[in-house]
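This structure is a prediction, so every number in the text was calculated from the model and none was measured. When reading the values below, keep in mind they use all heavy atoms of this one structure, side chains included, and skip hydrogens, waters and symmetry mates.
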Amino acid sequence: MSVEPESGRESTTHCPYCALQCSTVLSGERGAVAVRPSAGFPVNRGGLCQKGWTAPALLSTPDRLLTPLVRGADGRLAPAGWDEALDLVAGRLKELRARHGADAVAVFGGGGLTNEKAYTLGKFARVALGTSQIDYNGRFCMSSAAAAATAAFGLDRGLPFPVTDLAGAEVILLAGANPAETMPPLMRHLEGADLVVVDPRRTRTAQQAALHLQPAPGTDLALALGMLHLAVTEGLVDKEYVDERTSGFDAAWEQCVAWWPERVEEVTGVPAADLRTAVRMLGDARRAYVLTGRGAEQHSKGSDTVAAFINLALALGLPGREGNGFGTLTGQGNGQGGREMGQKADQLPGYRSLTDPAARAHMASVWGVAEDALPGAGRSAYELLDALGRADGPRALLVFGSNPVVSAPRAAHVTERLRALDLLVVADFVPSETAALADVVLPVAQWAEEEGTLTSLEGRVLRRRAHLTPPPGVRTDLAVLHALAVRLGQPAARFPTRPREVFDELRRATAGAPADYSGITYDRLDTGEPLHWPCPTENDTHRHNTAGRARDTAEDRDDTCLGPGTGEDRHDTCLGPDTGEGQYDTGEGRDNAGERPDDTRQNPGTGEDRHDTGEGRDNTGERRDGAGEDPDNTCQGPSTGEDRHDTGGRPDDTRQNPDTGEGRDHAGEGRGNTGERRDGAGQRPADTRQDPDTGEDRHDTGEGPNNAGERPGGAAGKQRDAGGKRGGPVGGGRDGGTGGGGTSPHPGTPRLFLDRFAHPEGRARFTPVDHRPAAQEPGGDFPLYGTTGRVLAQYQSGAQTRRVAELLAAAPEAVVEVHPDTARRLGLADGKFAEVGSVYGTVRARVRLTRTVRTDTVFVPFHFPGAARANLFTGDALDPRSRMPEFKVSAVRVTPVGEQP
């Protein structure tokens, strides 16, 4: 279907799915594209998840959109020529704007669009359409974390440090994140740490944790307040750090003083003893991280919940200290870059504010328009969808890279609003559920067919390179926006179609902004140079000291990124990482027989989960190069179905050290049934690894804090010496300065906040927050918590992954996970259908009995269409700061469906 590359040509690119952006190599000719992981890329280190391995299958999906479709007088979509379709769209947009004003037209974007497309989409909305009504599905993903991080640090970047820094951690707290299923290759960087996992479900990540805290849905904020309370009363606060690098501690403490452990236990269900253990683990570690995911963020109080975890991290002295930190796990492929480039309702490119006069003047200059011609801030994503077709709302909507019929909360209501529009235009490469409602469908190129850049969860800008040319009849999104802009009266040169030209303009647009890309070029990226924003121009290398410090010494270049490569993920709301996604594969991904071993996926016959839920740390279905077998024996046998996991702990194996590349012997170092990770002396076994900055070997003696860093008695706070028992300086500079000066190219900023935070005074700010109930609390006719998320083999709205045969076989339909005790009480049977209903709507799904959920909670994945849409029962409560919908908590009832086969 797609035009094949020249024989033998390979393209180095990045996976079209999550924000890890694993590096891959595409090859193949004449209709058969193959993928393999790039061995040298530091994030995935030669590994891919199940979706990464199967990504090329989407390039030849039988229902690929190949021609524009226009809805006729008979109500059916029929093929049309490009000029006919574009003329129709432009004509209707002009008519509606003339009759109802510029805001009668709206635009809805996606967190999977490349930086170039997200930038152009925002520019198209504000310049060509003149509308304020633009937002994107990333509002459903990272908005709460972004709001909290900006308030605390003055700047939002998901991980303000490289992913590889996590490999040196002793303890990592994961709040509402399930990377073992949502981004499996990340687990390789976490395997040396004791994990403390906060999740209402015993997910695969929780099964690998040293400690699992299982709160009731919607109570993470109370739990975080209780942890800060304990940090103070147990004397674990890093007083020197708090005094020198933060402000507002007293106000935050006033809010959590009443959240003693026993009260937290009453609200959350988490035992007070476990809460104490978790705080002591973090407080006693020399290298510790606090990371949040969608499970903590997708609430009507998500911003406050993230703020409470940031407060905990600040009290312990973690952010802005090398080897420690706070971060959030961005989900969508370009979830980071997508929220920086101007497709959000209140933002301009570079993370500039739309209400800032200086920012508006700068963008007006770059775009060549009058400043007063730029519209103001518009509605947030759900509020925009809710207003569609109303008297005071948009009458037309253009959708790029999103599928809100499945992904939006209160999905039946959103579908009704879409039907009420005078004009719905959808640009996509497959006929999604939203495209099925459209008046005009425009077929566009997909991830392996166009050039561009994306920004990973660590703020690193990456190149996508086209391996294929789009099929005949298909255009790029940039070409579509150009053609519409010209028809709307814009100069042709204002909307370039070549990604490199767009990026050059994007560099000028972001110059001097918080997310400054001005020093990044395609040429630098094509050498494999690892460039993290902010990266200002060559003659401005000192300006960003308020946000962080540039690289002190040269990091290894990614030599695998030299070849041409691909595009992007277009779908969708990024509700993970919380519950799901592909198995972690490395190497060739096949066993010796040439088949993919059965492992952590659903049994296609029974629908049951094949994953071993027993003790011990597994590697989430990881496969290694070479023999292709799983050395940790964590999978079930492909023919017998028996559990191959050695219950005595991690089997002895010799693998490459992820830092040095040398073999390492795991004899005796794994976690056994006790869950312990230390050697007999209680210390971390010594190891030799490369320093992530200098590349030199460093020897970890396994020793804990010395006497100078031990906690004094009482609640006065933990004093740490200026050398940084946390692994970095308390304040001030460090040898190496900013990493360059004069006219040399700025090396980028992999680690933010090492010298100062991005607020004008250079300090991080505590945010006083308090717990409050969810908008829907169980009781009466709706006695259970309903929560949503992802499953191993599917991704986002499922518009892509449900078209991949192997992934669909692994997870073919929606299920409702129910505890056996709850099922017995409600008369539910495993494998039979049930209805999960709230005041907003009802979902039909097959029952799966599992003890991984609480008895007061049911879980439904959100990847499936029709009556199986999990978002039929989610509500419209929004976070007052971030406008994030409350996906994670609904009050529901579950009833068996009548007569069933």
Between [X] and [Y], does any side-chain N to carboxylate O distance fall below 4.0 Å?
X      : Y      : result
Asp439 : Arg92  : no
Arg463 : Glu451 : yes
Arg883 : Asp135 : no

Is a donor on one side and an acceptor on the other found under 3.5 Å between the side chain of [X] and the backbone of [Y]?
X      : Y      : value
His759 : Ala151 : yes
Arg294 : Leu329 : yes
Glu529 : Asp526 : no
Arg9   : His467 : yes
Thr67  : Gly473 : no
Thr120 : Glu116 : yes
Arg97  : Thr131 : no
Arg507 : Ile520 : yes
Thr749 : Pro534 : yes
Gln343 : Gly338 : yes

- Task: Working to the nearest 0.5 Å, report the span between CZ of Arg64 and CD of Gln446.
- Result: 4.5 Å
- From Lys94 atom NZ to Leu488 atom CG, the distance as rounded to the nearest 0.5 Å: 6.0 Å
Flag the pair [X] / [Y] as yes when at least one side-chain heavy-atom distance between them is below 4.5 Å, and no otherwise.
X      : Y      : value
Leu462 : Phe41  : yes
Glu458 : Val43  : yes
Ser882 : Glu297 : no
Leu384 : Pro394 : yes
Pro499 : Glu450 : no
Leu506 : Tyr517 : yes
Val502 : Lys123 : no
Leu484 : Leu398 : yes

- Run the side-chain hydrogen bond (donor to acceptor under 3.5 Å, both in side chains) check on Ser353 and Thr355 step by step: do they pass? CA-CA 5 Å; Ser353 171; Thr355 61; 2.9 Å; yes
- Item | Evaluation steps, side-chain hydrogen bond (donor to acceptor under 3.5 Å, both in side chains), between Asp523 and Thr521 | CA-CA 5 Å; Asp523 289 342; Thr521 66; 5.2 Å; no
- Determine, step by step, whether Met341 and Leu113 satisfy the side chain to side chain contact (heavy atoms under 4.5 Å, CB included) criterion, reporting the C-alpha distance in whole Å, the side-chain angles of both residues, the deciding distance to 0.1 Å, and the verdict. CA-CA 10 Å; Met341 290 303 148; Leu113 299 175; over 6 Å; no
- Task: Looking only at non-hydrogen atoms, find the nearest pair between Ala125 and Val107 and report the distance.
- Result: CB-CG2, 4.0 Å
- What are the two closest heavy atoms between Leu481 and Phe400, and how far apart are they? CD2-CZ, 3.6 Å
- Evaluation steps, side chain to side chain contact (heavy atoms under 4.5 Å, CB included), between Tyr351 and Arg339: CA-CA 8 Å; Tyr351 240 135; Arg339 67 182 185 267; 3.6 Å; yes
- If you look only at pairs with a residue in residues 485-505, which of them pass as a ring-ring contact (aromatic ring centres under 6.0 Å, His included), with sequence neighbours excluded? Phe503-Tyr522
Checking side-chain polar atoms at under 3.5 Å, does [X] have a donor or acceptor matched by the opposite partner on [Y]?
X      : Y      : value
Ser456 : Gln336 : no
Asp103 : Ser132 : yes
Asn137 : Gln796 : no

- Item | side chain to side chain contact (heavy atoms under 4.5 Å, CB included) between Val105 and Gln133, worked out | CA-CA 7 Å; Val105 178; Gln133 301 300 294; over 6 Å; no
- Query: Stepwise, does the side chain to side chain contact (heavy atoms under 4.5 Å, CB included) test hold for Leu418 with Leu388?
  - Reply: CA-CA 7 Å; Leu418 290 167; Leu388 297 176; 3.7 Å; yes
